Structures are given as C-alpha cells and as structure tokens.
Amino acid sequence: MYNRFQFNQFRTLFAPRKPRHPLVRVAVGLLGLAILAALVFVGVFVGAAMIIAGVAWKLLAQRKQAGRAADPQVVEGEYRVVRKPALPLSR
C-alpha cells in the first residue's frame with residue numbers, strides 16, 4: 001500500500017561516469033582542457049575587443065563634441081557642497 005520512492009535509481013542516472021579504458025580517459029581529459037582553453041581564449045579576446053571598442057567610442061564622441069560651438073546662453077561652472085560648521089561647545 002505504501003510505496004517508498006527510491007532515489008538511488010536517479011542518483012546513478014545523473015552521476016558522471018569515467019571511462020574505464022586509460023586512453024579514453026586521457027582523451028576525455030585532454031578534450032576538457034582544450035574546451036576550457038578555447039573558452040578562456042575567446043573570453044579574453046572578446047573582453048579586449050569590448051574595451052577597445054569602448055575607448056574608440058569615447059574618443060569619437062569627444063571629437064564630435066569638440067566641433068560644436070558652445071551656447072552663449074549656458075553658463076558652466078563647478079560647485080562644491082560646504083557643510084554648515086558645527087557650533088563650538090558653550091563653556
């Protein structure tokens with residue numbers, strides 16, 4: 001009446017199995033290392049290409065802004081927030 005579910009059947013289904021033949025083990029290991037090296041290689045070059053593209057984009061954007069004339073109605077400036085000084089302690 002009460003069936004107990006056995007997880008051992010599914011545990012072996014998803015468990016990684018190592019090949020028994022030594023040459024196949026070496027070949028699978030080398031294949032894994034080759035895939036890892038390819039992913040690192042592609043990742044480094046994609047990252048470098050993104051950085052180079054970003055720098056080029058900024059340089060081109062600065063060149064376009066330098067050609068524009070400033071609006072005479074706009075006043076540009078810098079500001080700094082100054083905190084209110086604390087009152088000295090009374091004696």
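These numbers come from a predicted model, not from an experiment.
Between L31 atom CG and I35 atom CD1 the span is 4.0 Å, to the nearest 0.5 Å.
Linking ILVMFWY side-chain heavy atoms closer than 4.5 Å, directly or via other members, places I52 and L60 in two distinct hydrophobic clusters.
Residues V74 and E76 have side chains in contact (heavy-atom distance under 4.5 Å, counting atoms from C-beta outward).
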